[in-house]
Amino acid sequence: MFKTIEEYLDALKNEMKDADIALVQDAQADAREHLSTALAAVRESAPETSEADALGKIIEEYGSPEETASAYREVERRTSPSLKQTTKPSSALGNFFGVYLDPRAWGALLYMLIAFVTGVFYFSWAVTGVSVSISFLIFIFGFPIALLFLLSVRGLALLEGRLVEALLGIRMPRRPLFSHQGMKWFDRLKALLTDKATWLMLVYMILQFVLGTAYFVAIVTVLSVSLSFIALPFVQEILHQGAVYNNGVRYYFPSWSYPLLVLGGLLLWTIFMNIARGVGQLHGRFAKCWFSPVNRNITSALSNAPPPPFPPPLIGAPIPTTNKTEKNPV
């Protein structure tokens, strides 16, 4: 018998202790949303019912932690990130040159290019938002501005997580951290400010600018050098232009070096593709560490929040059934 929602969430986390941390966060977010909304509806319709009794009936319909954990594991098995290497080479040489057939490598290259754009946007948004929010906090309208900015940080973090999962194949949280719709804006702002997840996401947005710039410079530099090596024989033979120009004198590579130049350009790009694949996996795990903290401050603030007039529709929460045989966590 669970007396509080937190006890149920702790039991659910314990049942899923061997599962992916992002899956655990999604399961807890869905359970918290469903139980909080259902409990608020019971308080409105039957205020004389104790919280423990009401919660017991809700959990009986929703499912025990063991049943919920089992349902999420089954759905995760079917819907895990599909960006995986289709064929696994048996040799080190095959693994090295097989990078061109690995979607993770191409996804990492695309993400490294996009990271430059998103990094610039995240950094500009973070610096501008923090500056404007702090400057306007001396006025009464500064609090709503700060609240909207912090909520936008949560939204951008969720969007970044979907981008990481789609291009890098790393499982990321797919649910926003639940916050009660009946909370006053000052209470919600206080909960966001005291929640470490908000600040972790904000720091990540700043770091993304540095990482995105480094990724972009690396791709442009290596791609330029590789294409230069590959194009040199054609430039010399077709355009009759020397490879090196210094003090009015053009220097040409000998014809016997053409295969070596082309091979060197292809080899350099292949090496970089392997590096990019590894960097992509490291960045995905890096992002996961920043985006997967379990939020507890907002949950504690819910106890003082008034219940909503009508329970909002559940999006993404498991559908409770009387026989507890089916669940739909997605």
Side-chain angles (χ1 to χ4, degrees), residues 20-26 28-30 32-33 81 83 107-108 110-137 142-181 183 185 187-216 279-299 301 315-316:
D20 189 282
I21 185 174
L23 177 63
V24 176
Q25 179 170 317
D26 288 345
Q28 288 192 309
D30 284 341
R32 181 183 289 116
E33 178 179 7
L83 192 62
L110 181 58
Y111 178 83
M112 292 169 72
L113 288 173
I114 296 176
F116 176 70
V117 180
T118 57
V120 172
F121 175 75
Y122 291 163
F123 180 81
S124 303
W125 186 261
V127 172
T128 304
V130 171
S131 303
V132 172
S133 299
I134 295 178
S135 301
F136 285 167
L137 280 179
F143 291 96
I145 293 177
L147 175 61
L148 291 176
F149 167 68
L150 293 178
L151 290 176
S152 70
V153 170
R154 289 293 183 89
L156 290 175
L158 187 63
L159 178 63
E160 173 69 13
R162 305 308 299 142
L163 189 64
V164 168
E165 183 169 341
L167 296 180
L168 303 182
I170 301 297
R171 175 65 160 87
M172 298 291 289
R174 300 168 183 170
R175 305 285 193 275
L177 295 174
F178 173 67
S179 60
H180 205 295
Q181 300 297 322
M183 290 179 67
W185 61 268
D187 294 332
R188 184 173 296 186
L189 175 61
K190 181 180 178 181
L192 288 171
L193 286 174
T194 56
D195 179 21
K196 68 175 183 179
T198 302
W199 300 105
L200 289 175
M201 295 171 184
L202 195 59
V203 173
Y204 177 88
M205 293 172 66
I206 298 175
L207 292 177
Q208 183 74 348
F209 171 70
V210 180
L211 295 175
T213 303
Y215 294 159
F216 182 78
V279 170
Q281 295 300 301
L282 289 176
H283 186 97
R285 289 171 171 79
F286 168 77
K288 189 172 188 174
C289 293
W290 289 82
F291 290 169
S292 297
V294 178
N295 186 296
R296 289 185 178 274
N297 293 323
I298 285 184
T299 305
I315 301 177

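A pairwise comparison of heavy atoms in Leu168 and Gly280 identifies CD1-O, 3.3 Å as the closest pair. For Ala22 against Asp20, the heavy-atom pair with the smallest separation is N-OD1, 2.8 Å. The two residues Ala126 and Leu202 come nearest to each other via the heavy atoms CB-CD1, 3.8 Å. In this structure, Arg154 and Ala197 approach most closely via the heavy-atom pair NH2-CB, 4.1 Å. When every heavy atom of Leu137 is checked against every heavy atom of Ala146, the shortest pair comes out as CD2-CB, 4.2 Å.
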- So Val130 and Phe149, side-chain contact (heavy atoms from CB on, under 4.5 Å) or not? Walk me through it. CA-CA 8 Å; Val130 171; Phe149 167 68; 3.8 Å; yes
- Dump the intermediate steps for side-chain contact (heavy atoms from CB on, under 4.5 Å) on Phe209 and Thr118, then the final yes or no. CA-CA 8 Å; Phe209 171 70; Thr118 57; over 6 Å; no
- Given the rule in the side-chain contact (heavy atoms from CB on, under 4.5 Å) test, do Leu113 and Phe216 qualify, once you have shown the distances and angles that lead to the verdict? CA-CA 6 Å; Leu113 288 173; Phe216 182 78; 4.2 Å; yes
- Task: Take Phe143 and Leu147, measure what side-chain contact (heavy atoms from CB on, under 4.5 Å) needs, and give me the verdict at the end.
- Result: CA-CA 6 Å; Phe143 291 96; Leu147 175 61; over 6 Å; no
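Looking at heavy atoms from C-beta onward, Val203 lies in side-chain contact with Trp290 at the 4.5 angstrom threshold. Side chains of Tyr215 and Val210 form no contact here, defined as non-hydrogen atoms less than 4.5 Å apart. Side-chain contact between Met112 and Leu167 is absent, with no heavy atoms from C-beta onward closer than 4.5 Å. Side-chain contact between Phe123 and Val127 is present, with at least one heavy-atom pair separated by less than 4.5 Å.
To the nearest 0.5 Å, the span separating CZ on Arg285 from CE on Met172 amounts to 12.0 Å. Here the straight-line distance linking atom CG of Asp30 with atom CD of Gln25 works out to 10.5 Å at 0.5 Å rounding. Residue His283 holds its NE2 atom at 4.0 Å from CD of Gln208, rounded to the nearest 0.5 Å. Interatomic distance, Phe286 CZ to Phe291 CZ, rounded to the nearest 0.5 Å: 9.0 Å. The line from CG of Leu207 to CG of Leu200 is 10.5 Å long, rounded to the nearest 0.5 Å.
Between Arg171 and Asp26 a salt bridge is recorded (basic side-chain N to carboxylate O distance below 4.0 Å).
Applying the side chain to side chain donor-acceptor pair (under 3.5 Å) rule to pairs touching residues 125-136 yields Trp125-Ser152, sequence neighbours excluded.
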Under 3.5 Å, which donor-acceptor pairs link side chains of residues 155-164 to any protein atom two or more places apart or in another chain?
unit_1 : atom_1 : unit_2 : atom_2 : d
Glu160 : OE1    : Tyr122 : OH     : 2.8
Glu160 : OE2    : Tyr111 : OH     : 2.4
Glu160 : OE2    : Tyr204 : OH     : 3.0
Arg162 : NH1    : Glu165 : OE1    : 2.8

